[in-house]
Structure formats: structure tokens, C-alpha cells
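Worksheet: the structure to be examined is printed underneath.
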Amino acid sequence: MSPADVVRLSKRLSYVLRHRPDSVGLTLDDAGWVGVDELLGALRVTRSQLEEVVARNDKQRFALDGSGTRIRASQGHSVGVALGYAPAQPPAELFHGTTQRFLARILVEGLRPGARHAVHLSPDVGTARAVGARRGPPVVLRVDAAAMVAEGAVFSRSANGVWLVDAVPPGHLAVLAAP
Ligand code: HQG
């Protein structure tokens with residue numbers, strides 16, 4: 001497949017496996033998995049095309065189970081699934097990329113998950129900057145994860161390295177200068 005075809009199929013997979021499985025007649029199980037054969041039939045793609053997208057995906061968004069018979073998105077869902085990631089000890093600092101126009105509200109309310117299940121945090125500034133830049137001039141916030149853990153917040157880490165938490169209170173956020 002060409003790089004453009006890989007991106008196109010990746011976007012379709014994200015849409016179906018995170019947000020609208022019903023749009024192609026699929027139902028996810030409680031943990032977000034769907035049978036690979038069912039998915040291939042619903043999207044009319046071949047197994048080798050699917051495997052290529054899973055392998056070449058820039059952010060490893062999709063995961064096959066151990067047997068290779070089921071697939072799911074590793075995070076980012078808006079449909080109700082329990083991904084079952086174990087609570088994990090985050091690094092002392094994590095980062096969140098956003099854009100200027102959301103900043104005032106975030107500094108009052110803290111970070112909220114919006115349409116997704118969890119707030120997504122990055123382990124490094126560069127990734128956070130790229131996430132923020134999707135929406136406009138990026139702003140990077142530093143999250144005091146150590147202080148949140150001390151207060152009882154539960155973090156988990158998705159299969160592709162994104163840190164997930166229910167919310168981040170404004171007191172544990174700091175705007176990075178010149179991220
Ligand atoms: C903002 C992509 C106002 C938040 C990326 C963000 C990531 C608030 C937007 C992954 C707010 C939500 C997730 C508040 C948060 N007031 N705005 N209180 N709290 N926001 O897309 O983190 O390509 O749901 O800053 O790379 O941007 O899909 O979350 O700008 O890893 O795999 O509300 O999605 O990965 O946007 O991105 P999103 P996100 P994929």
C-alpha cells in the first residue's frame with residue numbers, strides 16, 4: 001500500500017474501532033475487541049492490508065490480541081469500553097499538548113476528557129507539542145503526576161504509551177514557556 005493508503009485505512013479503523021463500529025455493522029466487546037475476520041468483511045480489506053496498517057501505524061494505534069484473531073484500538077474511544085489497563089506508576093511529570101484557545105478554560109477547570117474516556121498525557125514534551133499542534137498553535141502543559149498520585153489519582157498506560165487519567169485539576173498544571 002502507498003503511505004497515503006495506509007493513512008486512509010488507519011483513519012477508517014480509528015473511526016470504526018473507537019467511535020462508530022455500528023457504522024459498518026460491527027459490535028465491540030466490553031474491552032473494545034472485534035474479530036479480525038468480521039472487521040475484514042465489514043471494511044472489505046484483506047488481512048495483509050490490515051496487518052500492514054497495524055504494523056506501520058505511526059502511533060501504534062491498534063493492537064491484535066495474542067492469537068491474532070481479534071483487534072482493538074489501544075485508546076481514544078468514545079464508545080463505552082473498559083480497556084482494562086492496570087493502574088501504573090507514572091513518571092513524576094507528564095505533558096499535555098493543547099492549543100491557545102483552550103488554555104484559559106483549562107487553567108480554570110483543569111483537563112477534562114471531553115468526548116473520550118480519559119485525559120491523554122504524553123511522557124515527553126515533543127509528543128505533547130505535536131498533539132497540541134493538531135488544533136492550532138501548540139501550548140504544552142506540565143502535569144505534576146507525582147502530586148496527583150500522592151492525592152490518590154489512578155493512572156494507567158495504554159498499549160502505545162499514552163498515559164491516561166480521569167482528569168487533571170488546575171493546581172497540578174503549569175504552562176511551559178516556549179515548549
Ligand atoms: C482540550 C490523538 C477546554 C484538550 C493525539 C484537547 C492524542 C479542554 C481537547 C489523542 C479542557 C480534547 C488525544 C477543558 C481538555 N476546557 N478544553 N477543561 N480539557 N481540553 O482529541 O489530548 O491520532 O479528545 O487539551 O495524538 O488532544 O487520535 O484529546 O485539545 O494522543 O491516535 O480538549 O488523540 O491521537 O481533544 O488527543 P482530544 P487530545 P490519535
Side-chain angles (χ1 to χ4, degrees), residues 3-21 23 28 31-34 39 43 50 52-64 71-83 85 88 90-91 93-145 147-148 151 153-177 179:
D5 286 340
V6 169
V7 169
R8 204 171 299 124
L9 182 52
S10 170
K11 290 195 169 171
R12 269 182 88 199
L13 283 174
S14 288
Y15 181 71
V16 166
L17 295 177
R18 291 171 170 178
H19 308 300
R20 291 294 309 276
S23 69
L28 309 183
W33 297 102
V34 68
L39 179 68
L43 297 184
L50 182 70
E52 190 175 341
V53 168
V54 171
R56 282 176 51 193
N57 193 260
D58 56 348
K59 289 166 72 181
Q60 298 292 303
R61 292 180 178 87
F62 314 106
L64 290 161
I71 186 169
R72 73 176 180 180
S74 292
Q75 30 63 214
H77 300 76
S78 57
V79 291
V81 296
L83 295 170
Y85 294 125
E93 290 182 342
L94 287 167
F95 301 92
H96 178 85
T98 189
T99 193
Q100 196 64 46
R101 69 180 183 281
F102 296 153
L103 189 58
R105 195 161 146 203
I106 289 172
L107 292 176
V108 173
E109 295 182 348
L111 290 170
R112 298 195 171 169
R116 307 198 196 229
H117 287 182
V119 171
H120 288 215
L121 302 173
S122 308
D124 62 278
V125 175
T127 305
R129 190 189 303 115
V131 170
R134 286 151 57 236
R135 301 181 186 282
V139 173
V140 175
L141 301 166
R142 183 173 42 227
V143 173
D144 189 345
M148 289 179 64
E151 289 174 8
V154 177
F155 288 79
S156 58
R157 187 174 172 276
S158 79
N160 63 341
V162 175
W163 284 90
L164 306 170
V165 70
D166 285 346
V168 179
H172 293 316
L173 290 170
V175 182
L176 285 195

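Index from 1, following the sequence. Counting starts at 1 for both ligands and their atoms, in listed order. It should be emphasised that the depicted structure is a prediction, and the values quoted were computed from it without experimental measurement.
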Using a 4.0 Å cut-off to any heavy atom of Arg105, which atoms of ligand 1 qualify? 16 (N)

So which heavy atom on Ala145 is nearest to which on Pro91, and how close? CB-O, 3.3 Å

Among all the protein's non-hydrogen atoms, which is closest to atom 6 (C) of ligand 1, and how far away is it? Arg135 NE, 4.0 Å

Heavy atom of the protein closest to atom 19 (N) of ligand 1 (residue, atom name, distance): Arg112 N, 3.0 Å

Tightest non-hydrogen contact, residues Leu83 and Ala31, listed as CD2-O, 3.9 Å

Considering only the protein, which heavy-atom contact is closest to atom 29 (O) of ligand 1, and what is its distance? Arg116 NE, 3.8 Å

Pick, from Gln60, Arg134, His120, the option with the minimum heavy-atom distance to atom 27 (O) of ligand 1. Arg134

So if I count the atoms of ligand 1 from 1 in the order they appear, which ones are less than 4.0 Å from some heavy atom of Phe102? 1 (C), 17 (N), 30 (O)

Ligand-residue contact atoms, ligand 1 with Leu111, heavy atoms, under 4.0 Å: 15 (C), 19 (N)

Gln75 N/O under 3.5 Å from ligand 1 N/O: no

Among side-chain atoms of Asn160 and Ser158, is any donor-acceptor pair under 3.5 angstrom? yes

Kindly indicate whether the side chain of His117, heavy atoms from C-beta on, has any atom under 4.5 Å from the side chain of Val81. yes

Could you tell me which atoms of ligand 1, counted from 1 in the order shown, lie closer than 4.0 angstrom to a heavy atom of Glu109? 14 (C), 16 (N), 18 (N)

Which bit of Arg18 is near ligand 1, meaning a heavy atom under 4.0 Å away: side chain, backbone, both or neither? side chain

I need the nearest protein heavy-atom contact for atom 22 (O) of ligand 1: residue, atom name and distance, please. His96 CE1, 3.5 Å

Would you indicate whether Asp166, at its atom CG, is surrounded by more than 12 heavy atoms from other residues, nucleotides or ligands within a distance under 6.0 Å? no

Within a distance under 4.0 Å of any heavy atom of Arg61, pick out the atoms of ligand 1 and give their elements. 23 (O), 32 (O), 40 (P)

Using a plain distance cutoff, I'd like to know if Thr99 has any nitrogen or oxygen under 3.5 Å from a nitrogen or oxygen of ligand 1. no

What is the nearest protein non-hydrogen atom to atom 26 (O) of ligand 1, stated with its residue, atom name and distance? Lys59 NZ, 2.2 Å

So, does Tyr85 use its side chain to make a donor-acceptor pair with the main chain of Ser74 at under 3.5 Å? yes

Counting distance only, does the side-chain N/O of Arg134 pair as donor-acceptor with the main-chain N or O of Val131 below 3.5 Å? yes

Sub-4.0 Å heavy-atom contact, Gly110 with ligand 1: yes

Would a distance-only check, ignoring hydrogens and angles, find a side-chain to backbone donor-acceptor pair under 3.5 Å from Thr98 to Gly132? no

Between the side chain of His120 and the main-chain N/O of His96, is any donor-acceptor distance below 3.5 Å? no

Considering non-hydrogen atoms of the protein only, which is the closest contact for atom 8 (C) of ligand 1, and what is the distance? Ile106 CG1, 3.6 Å

Please name the residue in the list Asp124, Val139, Val140, Leu176 that meets the side chain to side chain contact (heavy atoms under 4.5 Å, CB included) test with Arg129. Val140

